[in-house]
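See below for the structure under consideration.
Keep in mind that the numbers below use all heavy atoms, side chains included, and drop hydrogens, waters and symmetry copies. Not measured: the values here are computed from a predicted model. All chains are named by letter (A, B, ...) in the order of the sequence lines, taking the proteins before the strands, and each is independently numbered beginning at 1.
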Amino acid sequence: MDNNEKYNLGDALNIFFTESREMLEDMEACLLALEKDASDENSINAMFRAAHTIKGSSSMFGLSIIEEFTHAVENLLDETRKKTLTINSEIISLLLECHDFILTLLNNFEKQNDYILDDELNNKYSELLEKVKSYSGEKIKVETADSGSVNKHEFESDLNEENHVKNDCWHISLRFGADTFKDGLDPQSFISYLADTGKIVNIETVYDRIPPAPEMDPESCYLGFEINFKGNTTKAKLEDIFDFIKDDCKIRIMPPNSNISEYVALIHDLNEEPMLIGEILKKSGSLTESELEEALKLQHKIENERKDEKTEKPRIGKILIDEQMIQMPVVNAAIERQSNIKKSIRVDAEKLDDLINLVGELVITGSNIKQVSEKSTDGELHDAISSMSRLIDDIRNRTMSVRMVQIGDTFRRFERVVRDLCQKNGKEIDLIIKGGETELDKTLIEKITDPLMHLIRNAVDHGIGTRENRLASGKSGRGTIILNAYHETGSIIIEVSDDGNGINREKIIHKAVELGMLQENKINDITENEITSFMFEPGFSTAEKLTNISGRGVGLDVVKRNIETMKGSVTITSREGEGTKFTIHLPLTLAIIDGFMFAVEDLFYILPLDMVCECAEISNEDIKGMDSGNYINLRGEVLPFLNMREFFSEKGAIPKRQNIIVIEYAKNKIALVVDKLLGEFQTVIKPVGKMFNKLKWISGATILGTGDVALILDVPSLINQIKKYDKEKAVI
Amino acid sequence: MKIFRRKQDDGKTILKIEGKITINLVKLLKQVLLDFLKKSNRLELDLSGVTRIDTAGFQLIYLIRREANNNNSIFSIVNPAADVERIFKLFGEEMPLTGEN
């Protein structure tokens, strides 16, 4: 086998880890859903499938520890879905523990393929395994007795329920599919394995399906088997043996002493000559002579009845329901889901980044071409360039949207966090998620998770009180935390609100004085904003006791810093006794922006277009400024302004006519006084070197068609600048 | 896989199969065996040299046996190697296999 053909195990293994983690995520979501509604059968089935798949794949890769553990979990889930075990909150908590454990194992094995469990994990493994088995173990006896009636069928025997066959062995009927060999499977491995797990008392090979020699394809499988098996096992375990082949083989497993109707059903379903199969069943010892007679009689009767019914090809849904394999609502849901399923594929993140970079370059080049072409009067050229610009726009938008991810997934992860914290603290809190479909750039989502986590923990720990406290103050016993996300001109807003105790104004003031951040004589002058801004100071915490999650005083300042790294801002609003709301603003600055260019002297600058409200000419009179600061009157609206010539320390002569650009961010509006307005301009933000790190108001740079460098300005920072100026002026 | 043919004086054809009787060879083997069956109404398969046999091979041997039966030929299997015995036993068939059911 040359290298091209060699199967790359590494890739397959990576896919296994990624997909297994996804399945565990699904499993966790199902468990949380079941906590709210224990009758949710979809969730139970979904979890079973997830565990089953992880078990199978991990065995393929030789990760036997994961396989064994997941197998036990799968058995437990099987009992639950077969209703021989009722799911309760204890079991759900146990399953959540198992989920966490499997995740830990996966992560460890991913880092080191030949990982060996340390003592702690080994103990956890045994502990959990025992607990899981204790649930499913108890029920085994019930299973064997009942499973005769699990497969309820249309075939009702005239005989009463007491007519069970004498055969005290399991009867296993197999009809292997034609493609068995071609699929690389060999019946002998399955039967051999079966033999190892117990005793094959009798096995009859069925050859009847082999066609005449000329048509017989030796590479197809026509064989069947009727097996009588003795062993201490369950139907589920037996089904497991034939798991790999169940899609390709008709399998029917009947427990010892089944009702005769089971055999009638078998004969009917096999669709072979009833007499022949009957003989085989007799030969195999599964049926006695009289039982066989009875079965054939019944089968015949039902056949005739069926012939009278109108034959209409049953739809697959109906067939499945008839077989009682799934219940009605599940089928409907499945069919609905089919039509809604959006196809998706997995893409290497690096490839995507490369693509986006290229698109960025394309945008710049396109802009440059457009600029240069403006000098020409060639109509055809202009048309062509218009088309090109539109196309580039389109490509850019669509590529950008690929990186956008719905925040809902991140929000939903917190459900588990809230649940676990509530259990620890003995509180009752519901997490409500709104605006989950709001999209943000992938990188932002990764960065926002930690700050959000902290805010939510704060809310559970300090914000919301215990059930008793809440009831005592006339609130509902269950607290609520609401996560909300939405778009607003050029930004995304994320709100974390709770209906808890609110922020105690007095406590904050007291602490601020204590820490020396506030002077006693200034207490009465303090504004609401200033009070809440204290909370963001490092080392500030009014928690009476430190919990190990929050309250150490390192929290909110780190949250604020993280958000500011993303060029965002965070504010708090709160009403004592009613609740608290944290509002996070994040700018949607993407790598490619629609910008508005202006010039001061001979240098060029760009502002994000969606933060530009308007531009206008302005006379030198208007911008003389006033004693109280730099303000202009724009149609009755008072706006602070920033004189960019001053800001950039330009020494040249002031032009006769200047212009203002009004920009807005997070409900803050300011005006920038500039020399020339140069219009809309699409460009890619290129990072500026580390040298410029301190200049917060630069968010990047770009190269114009002329070769000039234009600086891209960061609007939130500019707005902050103005606020700083104000403060400084006030001090003076 | 190799097949050795020996024709005895009493008209019986003995085919000795050496090697594997598995899925990749069954198509070829079917043709060969059916041909021999046509030419001779007494066929004996010596399976002492069979190193491995899978279910496809087992199925094929059954086919030959059935065809022989239908043509009223005499068919038998002798000296089954260990793997052959194993698979026949697994599938509940007694050895040595003859043309009669």
### Message
Is A:Ser189 in contact with chain B via its backbone, its side chain, both, or neither, using a 4.5 Å heavy-atom distance?
### Response
neither
### Task
In sequence, state the C-alpha distance, the side-chain angles, and the governing distance for A:Ile203 and A:Phe229, and then conclude on side-chain contact (heavy atoms from CB on, under 4.5 Å).
CA-CA 8 Å; A:Ile203 174 168; A:Phe229 175 81; over 6 Å; no
#### Entry: Sidechain N-carboxylate O distance under 4.0 Å for A:Arg175, A:Asp208
no
### Query
Taking B:Leu34, B:Asn24, B:Asp54, B:Ile64 one by one, which has the highest count of heavy-atom pairs under 4.5 Å against chain A?
B:Asp54
### Query
Salt bridge check: are A:Asp240 and A:Lys237 linked by an N-O gap of less than 4.0 Å?
no
### Message
Which atoms of B:Leu90 are under 4.5 Å from chain A, going by heavy atoms: the side chain, the backbone, both sets, or neither?
### Response
both
### Message
Less than 4.5 Å to any heavy atom of chain B: does that hold for the side chain of A:Phe176, its backbone, both, or neither?
### Response
neither
### Query
Which answer fits B:Lys30, side chain, backbone, both or neither, if we ask what part of it has an atom under 4.5 Å from a heavy atom of chain A?
side chain
### Summary
Greatest number of non-hydrogen atom pairs under 4.5 angstrom with chain B, of A:Thr205, A:Asp186, A:Ile200, A:Thr180, falls to A:Asp186
### Query
Only one of B:Ile17, B:Val50, B:Asn79 clears side chain to side chain contact (heavy atoms under 4.5 Å, CB included) with B:Leu45; which?
B:Ile17
### Task
Look at atom CZ of B:Phe4 and say whether more than 12 heavy atoms of other residues, nucleotides or ligands are closer to it than 6.0 Å.
yes
### Message
Could you tell me if B:Lys39 sits above the aromatic ring of B:Phe36, with its cationic atom closer than 6.0 Å to the ring centre and no more than 45 degrees from the axis?
### Response
yes
#### Entry: Structural part of B:Leu37 lying under 4.5 Å from a heavy atom of chain A
neither
